[in-house]
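Worksheet: one structure, shown below.
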Protein chains: 2
Amino acid sequence: MQRMTRQRAAVGELLADTDDFRSAQQLHEMLREAGHSVGLATVYRTMQTLAENGDVDVLRNAEGESLYRRCRKQVHHHHLVCRDCGRTVELDAAIVEHWAAEVGQAHGFVDVEHTAELFGTCAQCARRGSHDA
Amino acid sequence: MQRMTRQRAAVGELLADTDDFRSAQQLHEMLREAGHSVGLATVYRTMQTLAENGDVDVLRNAEGESLYRRCRKQVHHHHLVCRDCGRTVELDAAIVEHWAAEVGQAHGFVDVEHTAELFGTCAQCARRGSHDA
DNA sequence: ATGTGCATGGGAACCATTCTCACTTGCGGT
DNA sequence: ACCGCAAGTGAGAATGGTTCCCATGCACAT
């Protein structure tokens with residue numbers, strides 16, 4: 001049974017406030033700054049649970065760190081993430097789904113899953129970055 | 001300047017012998033078993049160098065561990081990997097490249113990179129697995 | 001109000017990877 | 001062949017994200 005605790009409420013509140021992907025440690029720090037006292041282990045546990053329930057999206061950055069973000073779509077989808085500011089666009093990608101299914105079948109693989117993420121620099125960050133160039 | 005050492009020769013030899021993705025630790029173990037004495041740190045360093053030169057493909061499994069494999073294609077490509085035996089198929093995927101480029105442009109992102117990997121169970125492993133079902 | 005058992009926290013444990021640094025060795029120059 | 005030295009190596013320490021442990025806390029049905 002899932003209990004509603006002070007800590008989980010704080011995490012939920014925080015997630016509702018940001019659109020960007022954040023690491024567990026960042027979230028922990030943000031909670032501290034917001035005056036909530038939540039253990040790091042609890043943040044990890046909570047994010048894990050939320051991820052299992054499909055309430056947050058998880059992806060790994062280039063360093064292998066897990067990043068979390070509340071998700072709107074419950075169905076499978078992909079992301080376009082700004083590598084500077086974390087701004088994220090959720091993507092439907094029927095093309096990718098079809099590609100994965102076809103390729104898997106063509107090679108006799110079953111239970112084919114796929115990962116696909118796009119990383120780039122958003123227009124705003126690109127503009128800002130060009131100032132000092 | 002790149003020097004040819006006993007250790008690098010051993011790693012190169014080993015990579016030439018297998019088609020499957022292996023972790024640095026697995027490679028290290030395999031070298032030991034083959035009678036070569038190569039430090040773990042050296043394996044990591046070597047794989048890093050090879051990866052930078054585009055001589056091996058690198059991908060991360062679900063646990064975030066880095067897996068390596070010699071690659072035939074020097075150009076960007078994707079993989080279909082058997083999650084049981086590691087058997088790997090290299091994929092051209094113009095579809096995915098186009099998708100990534102279009103989506104990036106549509107949202108004003110620049111320098112868009114992408115990752116896309118397929119994981120499944122190959123025909124052989126699926127057959128073997130169904131025996132005890 | 002109370003009991004039960006899920007939840008919490010903080011510090012230790014884990015584990016892949018990287019760093020350190022003294023020692024070895026490939027290799028170009030002589 | 002021999003030297004010199006910078007590149008390479010290895011064993012262990014350090015790092016850093018994540019999970020585990022377990023005594024204590026607390027949500028919630030009764």
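Keep in mind it's a predicted model, so treat the numbers as computed, not measured. Proteins get letters first, then strands, A, B, ... in listed order; numbering begins at 1 in each.
Across the protein-nucleic acid pair, B/R8 atom CZ and D/dG8 atom C1' stand 6 Å apart, rounded to whole Å. Separating the NE2 atom of A/H36 from the C1' atom of C/dT8 is a distance of 16 Å, rounded to the nearest angstrom. If you take CE of B/M47 and P of D/dT9, they are 13 Å apart, rounded to a whole angstrom.
Remark: B/S66 pairs with no residue by the side-chain hydrogen bond (donor to acceptor under 3.5 Å, both in side chains) rule, at least two apart or across chains. By the salt bridge (Lys or Arg N to Asp or Glu O under 4.0 Å) test, A/R45 pairs with no residue at all, sequence neighbours left out. Remark: A/E102 pairs with no residue by the salt bridge (Lys or Arg N to Asp or Glu O under 4.0 Å) rule, at least two apart or across chains. Residues meeting the side chain to side chain contact (heavy atoms under 4.5 Å, CB included) test with B/D92, sequence neighbours left out: B/K73. Residues passing the salt bridge (Lys or Arg N to Asp or Glu O under 4.0 Å) test with A/E113, sequence neighbours excluded: B/R83. Residues satisfying the side chain to side chain contact (heavy atoms under 4.5 Å, CB included) criterion with A/H107, sequence neighbours excluded, are A/V103, A/F109, B/L80, B/V89, B/L91.
Across all their heavy atoms, B/G104 and B/V112 have their closest contact at CA-CG2, 3.9 Å.
Applying the ring-ring contact (aromatic ring centres under 6.0 Å, His included) test to pairs two or more places apart or on separate chains, those with a residue in residues 39-77 of chain B are B/H76-B/H78, B/H76-B/H114, B/H77-B/H79.
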Validation: residues 14-21 of chain A side-chain donor-acceptor distances under 3.5 Å, sequence neighbours left out:
unit_1	atom_1	unit_2	atom_2	d
A/T18	OG1	A/D20	N	3.2
A/D19	OD1	A/R70	NH1	2.9
A/D19	OD1	A/R70	NH2	3.0
A/D19	OD1	A/R72	NH2	3.3

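Side-chain contact check for B/Q105 versus B/V110: every heavy-atom pair is 4.5 Å or farther apart. Using a 4.5 Å heavy-atom threshold, the side chains of B/M4 and B/R8 count as touching. No side-chain heavy atom of A/R22 sits less than 4.5 Å from a side-chain heavy atom of A/R69.
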**Study point:** Protein-to-nucleotide contact annotation, 5' to 3' order, nucleotides 10-18 of chain C [B base; S sugar-phosphate only; - none; under 4.0 Å, heavy atom]
**Key:** B-----SBB

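When the local axes at the two ends of the helix from C/dA1-D/dT30 to C/dT30-D/dA1 are compared, using 5 base pairs at each end, they differ in direction by 40° after rounding to 10°.
Taking 4.0 angstrom as the limit, B/Q7 places a side-chain polar atom (N or O) nearer than this to OP1 or OP2 of D/dG10.
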Detail all sub-3.5 Å separations between protein N/O atoms and N/O atoms belonging to nucleotides 23-30 of chain C.
unit_1	atom_1	unit_2	atom_2	d
C/dG26	N2	B/R3	NH2	2.9
C/dC27	OP1	B/M4	N	3.0

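Here the straight-line distance linking atom OG1 of A/T88 with atom CG of A/L118 works out to 11.0 Å at 0.5 Å rounding.
Residues of residues 11-19 of chain A having a heavy atom closer than 4.0 Å to DNA chain C: none are found.
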